[in-house]
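Taking it in order: structure first as structure tokens, then the write-up.
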Amino acid sequence: MRVKKAIIPAAGFGTRFLPATKAQPKEMIPVIDKPLIQYTVEEIVGAGIRQIAVITSRGKSALEDHFDLSPELEVFLEEKGKMDLLEEVRGISGLAEFSYIRQAHMLGLGHAILMAEGFAAGEPVAALTPDDIYDCGVPCIKQLIEVFEERRASVIVLGRVDKEGTKKYGIIKVKKQLSDRVFEVADMAEKPGPEKAFSDLGILGRYVFTPEIFEAIKKTSADARGEIQITDAIRVLLNSQPVYGVLFEGKRYDCGNKLGFLEGTIALALKHPEFGGPVRDIIKSLLG
Ligand code: G1P
């Protein structure tokens, strides 16, 4: 069971990013010089996966254009002799094989993933939320795939969260700790809050699923807001097969909210080969 396919749910309104997302998809907001979603695509490609399904919705056509060829732009760049840019622009459309699936009704992350059942066609799939930029030596999703290949069961990414985090993320209950970084999951709850949280281990937007996830999603009831949560679907899956969690190694920037986005932008700018030095100087001078 090799993981050859990945799903990126990108249909949401991006309300946490208004007004920037009023007329453009959140996933297209640039972090330095690349749109947010390109970081996720590069993570997937870095894990050896080339088939990517993006779950989109109305108003998201810029995502499709970004990963498509851009013949007029390419001719223009060639004529101007801007070969570096030409190579970069061409590279984007060659990154992977993209499919786009429209989600007409935004009924939650579980429902968005269910839209890709046909794309998965009975094979295991990775799922990655494009809000997060993971900056890891081994791509975060690859760290999960390694555990998936060893255990032949679904795997989720975990990170330690604080009290606030228990309101923002799914939280797991540990059945057994198998190593420093790998846990068998007993149960989980979607954004339980500090009083009801089983642990401080949050689910941070990266998943590798066995094909049975789709049946589990179909059996999952909607929550109080009418949404089908992937966390609830994984609980259904837990009735018939084990699920593992991996504490990832590396850094994660939650670019789905304004402050996390600023943190990610500054951190990545400081590491950037061209801008790192000048950005450090700018920050120093701004701080006086
Ligand atoms: C979703 C999941 C949640 C997970 C989070 C990670 O929530 O439902 O379990 O912890 O992604 O980013 P959302 O951020 O879409 O509300």
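One-based numbering, in listed order, for ligands and for the atoms of each. Worth knowing before you read on, the calculation uses all heavy atoms, side chains too, and leaves out hydrogens, waters and symmetry mates.
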Quick one: does [X] get an N or O within less than 3.5 Å of an N or O on ligand 1?
X	result
E190	yes
I203	yes
I230	no

Contacting atoms of ligand 1, where contact means under 4.0 angstrom from a heavy atom of [X]:
X	value
R16	14 (O)
T231	9 (O)
Q229	8 (O)

Nearest-contact summary for atom 16 (O) of ligand 1 - protein heavy atom, Å: K191 NZ, 2.6 Å
Distance from atom 11 (O) of ligand 1 to nearest protein heavy atom, with residue and atom: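 Protein heavy atom with the smallest distance to atom 11 (O) of ligand 1: L109 CD2, 4.3 Å.
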Without hydrogens or angle criteria, can the side chains of [X] and [Y] be said to hold a donor-acceptor pair below 3.5 Å?
X	Y	result
D131	Y253	no
E249	Q143	no
H111	E227	no

Joint cluster assignment, I203 & I213, ILVMFWY side-chain distance < 4.5 Å: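 I203 and I213: one cluster.
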Exam field: side chain K163 to backbone P194, donor-acceptor pair closer than 3.5 Å: no
From CA spacing to verdict: salt bridge (Lys or Arg N to Asp or Glu O under 4.0 Å), E123, R2: CA-CA 8 Å; E123 293 183 40; R2 257 195 63 215; over 6 Å; no
